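Chain naming here is simple, since letters A, B, ... match the order of the sequence lines and numbering starts at 1 in each. Note that the structure is a prediction, hence the values are computed from the model and not measured.
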2 protein chains.
Amino acid sequence: MTGSRRDHLMEVARDLFMEHGFHGTGIDRILGEAGVSKKTLYTHFRSKDELILAVLKQHDSAFRNSFMRQVEQKSSEPRDRLMAIFDVAEAWFDAPNFFGCVFINAVGEYSAEDTPVRSACRDYKKQITDFIIRLAKDADVKEPKVLGDQLSLLLEGAIVTAQVSDKEQAVWAAKSAASVLIDKAFQGYVKVA
Amino acid sequence: MTGSRRDHLMEVARDLFMEHGFHGTGIDRILGEAGVSKKTLYTHFRSKDELILAVLKQHDSAFRNSFMRQVEQKSSEPRDRLMAIFDVAEAWFDAPNFFGCVFINAVGEYSAEDTPVRSACRDYKKQITDFIIRLAKDADVKEPKVLGDQLSLLLEGAIVTAQVSDKEQAVWAAKSAASVLIDKAFQGYVKVA
DNA sequence: ACGAAAGGAAACAGATCTGTTTCCTTGGCG
DNA sequence: CGCCAAGGAAACAGATCTGTTTCCTTTCGT
């Protein structure tokens, strides 16, 4: 089992990065909580920065796939899947170790534009948005990109609001707004007086 | 001028915290860029944490008041002011030194709930949301709290999206979604077909 | 002009950070 | 059994961090 130490190290590192940030999490603490020695860290990763990047890329694929799968399992009806995004988000927010989106948090600490970390964060967000646009396309709305971008914005807003202020308010506002935007995107509305 | 050194120090600190985060910004760098000695820092503030908190509270009042004033100056029509939120946000995003919302970034680094930093961030967000709800009330929509929470969510989402991915997409999606939600809140819509 | 206060420069202390190296243990496989 | 690679423990180096202290200069009010 050579990969299991590496995987475990990355899991612990990810959890600590989420909770205390990247600059706020020292290597010694990661190693201590992972029960792993410095030697192991530096045989698997060149530096802390490389560990950070590896954690982000791993989380990108694992979390995103889990998120998409959960949304798709909520319903087979494309339109319902658009709303299911926020049910899945709600469950995520309610997890005991929810500390917001690690990519959003990362960008708050690394502002330089042309940087591996920033690229990883942009990639993640783009793929989430693309997934939502895909759902909108499957639902045959008129302008799937418009709706996808709107729902994506709502999701980001909900994540941040759940993190900073209030999870229930975030979920409720997101769901009610999403409902209005989705209905509108199906364009069955006409103004009355 | 005794307060001017203190004010200047806080300005420089705020800019660096925004760009590089709180743990990522050392005191020496702040002092170097502010052209101020350590002695001055520690006569005005007990610790770096106290400086951080002072910066957040100062920014809370200054930025928030500026934001609200700009929105109110955009129009005297309550309904237009709701949309004006996103015009003001757009100008903010386009500023050369836009690095997202410092309060969102702070929460990414300080996760402990019962903490002065977290309280300051919650307070800020609550006051922004209350301001938007107030605008909604002035516009005489049926459920101002619902619309206020929705628009607040859109604003947060736009901030984060502008920071991580794309300013134009963020602004466009926010404005189009806000328009739909505001129209809906004026309840002149009825489902057809 | 004189005294007091403010602040700059810099040394210093002690902690913590990343990263390297050394030495020893342990466990797996031929 | 015996060998060897993997990894733990810990010392170590060098940088950087927060915070204190000392000494000297400047400046401002009376």
Side-chain angles (χ1 to χ4, degrees), chain A residues 1-58 102 105-106 108-112 115-117 120, chain B residues 1-58 102 105-106 108-112 115-117 120:
Chain A
M1 294 253 238
T2 166
S4 98
R5 282 178 191 280
R6 191 185 138 107
D7 290 348
H8 181 233
L9 184 58
M10 286 175 62
E11 269 182 40
V12 172
R14 179 203 57 194
D15 291 345
L16 287 173
F17 289 152
M18 283 180 162
E19 184 162 1
H20 302 289
F22 296 90
H23 291 102
T25 303
I27 275 184
D28 289 342
R29 179 158 185 194
I30 299 172
L31 297 174
E33 297 205 10
V36 150
S37 75
K38 260 187 188 180
K39 195 149 201 239
T40 305
L41 166 62
Y42 284 104
T43 58
H44 286 296
F45 305 95
R46 250 185 257 278
S47 64
K48 183 188 180 184
D49 283 348
E50 201 176 283
L51 171 64
I52 289 173
L53 202 62
V55 163
L56 288 179
K57 288 189 175 172
Q58 151 69 23
V102 72
N105 296 349
E109 293 197 53
Y110 299 97
S111 62
T115 268
V117 166
Chain B
M1 285 295 201
T2 166
S4 97
R5 281 178 192 281
R6 190 186 139 106
D7 290 348
H8 180 233
L9 184 58
M10 285 175 61
E11 270 182 39
V12 172
R14 180 204 55 194
D15 291 346
L16 287 172
F17 289 150
M18 283 179 162
E19 185 162 0
H20 302 289
F22 296 89
H23 291 101
T25 304
I27 276 185
D28 289 342
R29 180 158 182 193
I30 298 173
L31 297 174
E33 297 204 10
V36 149
S37 76
K38 261 187 186 178
K39 193 142 199 247
T40 305
L41 166 62
Y42 285 103
T43 58
H44 286 296
F45 304 95
R46 249 185 258 279
S47 65
K48 184 189 179 183
D49 283 347
E50 200 175 283
L51 170 65
I52 290 174
L53 201 63
V55 164
L56 288 179
K57 287 188 176 172
Q58 151 69 23
V102 73
N105 296 349
E109 293 196 54
Y110 299 96
S111 62
T115 270
V117 166

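- Contact annotation for B:Ser47: backbone-only contact, meaning every heavy-atom pair under 4.0 Å involves sugar-phosphate atoms and none involves a base.
- Separating the CG atom of B:Leu31 from the P atom of D:dC17 is a distance of 11 Å, rounded to the nearest angstrom.
- Spacing between atom CZ of B:Arg46 and atom C1' of D:dT20 amounts to 15 Å, rounded to whole angstrom units.
- Residues A:Glu33 and A:Val12 come closest through the heavy atom pair CB-CG1, 3.9 Å.
- Between the CG atom of A:Asp28 and the C1' atom of C:dA15 there is a distance of 12 Å, rounded to whole Å.
- Counting to the nearest Å, the P atom of D:dT18 and the CZ atom of B:Arg29 are 12 Å from each other.
- Regarding A:Arg6, its CZ atom lies at a distance of 16 Å from the C1' atom of D:dG7, rounded to whole Å.
- Dashed line: the shortest gap from a side-chain N or O of B:Arg5 to OP1 or OP2 of C:dG8 is under 4.0 Å.
- A donor-acceptor pair under 3.5 Å is formed between the side chain of B:Glu109 and the backbone N or O of B:His23.
- Taking atom CG on B:Leu41 and atom P on D:dT20, their separation rounds to 10 Å, with Å as the unit.
- Side-chain N/O atoms of A:Thr40 include one lying less than 4.0 angstrom from OP1 or OP2 on D:dG8.
- Across D:dT18, C:dG7, C:dT18, the shortest atom-to-atom separation from the side chain of B:Ile27 is found for D:dT18.
- Among A:Val55, A:Leu51, A:Leu41, the single residue meeting the side chain to side chain contact (heavy atoms under 4.5 Å, CB included) criterion with A:Ile30 is A:Leu51.
- Following rounding to the nearest Å, A:His23 (NE2) and C:dT16 (P) show an atom-to-atom distance of 18 Å.
- Distances from the side chain of A:Lys39 to the nucleotides C:dG8, D:dA9, C:dT20 place D:dA9 closest.
- A:Gly24 comes within 4.0 angstrom of nothing in the nucleic acid, heavy atoms only.
- Each of A:Gly26 and B:Val36 was matched to the nucleotide of DNA chain C holding its nearest heavy atom; the match closer to the 5' end belongs to B:Val36.
- At a cut-off of 3.5 angstrom, counting only N and O atoms as typed in the model, there is a donor on one side and an acceptor on the other between the side-chain of A:Lys38 and the base of C:dG19.
- Within the 3.5 Å criterion, the main-chain N or O of B:Phe22 finds a donor-acceptor partner in the side chain of B:Lys48.
- Rounded to whole angstrom, the span from the NE2 atom of B:His8 across to the C1' atom of C:dA6 amounts to 17 Å.
- Two residues are said to be in side-chain contact when any heavy atoms from C-beta on lie closer than 4.5 Å; A:Ile27 and A:Tyr42 meet this criterion.
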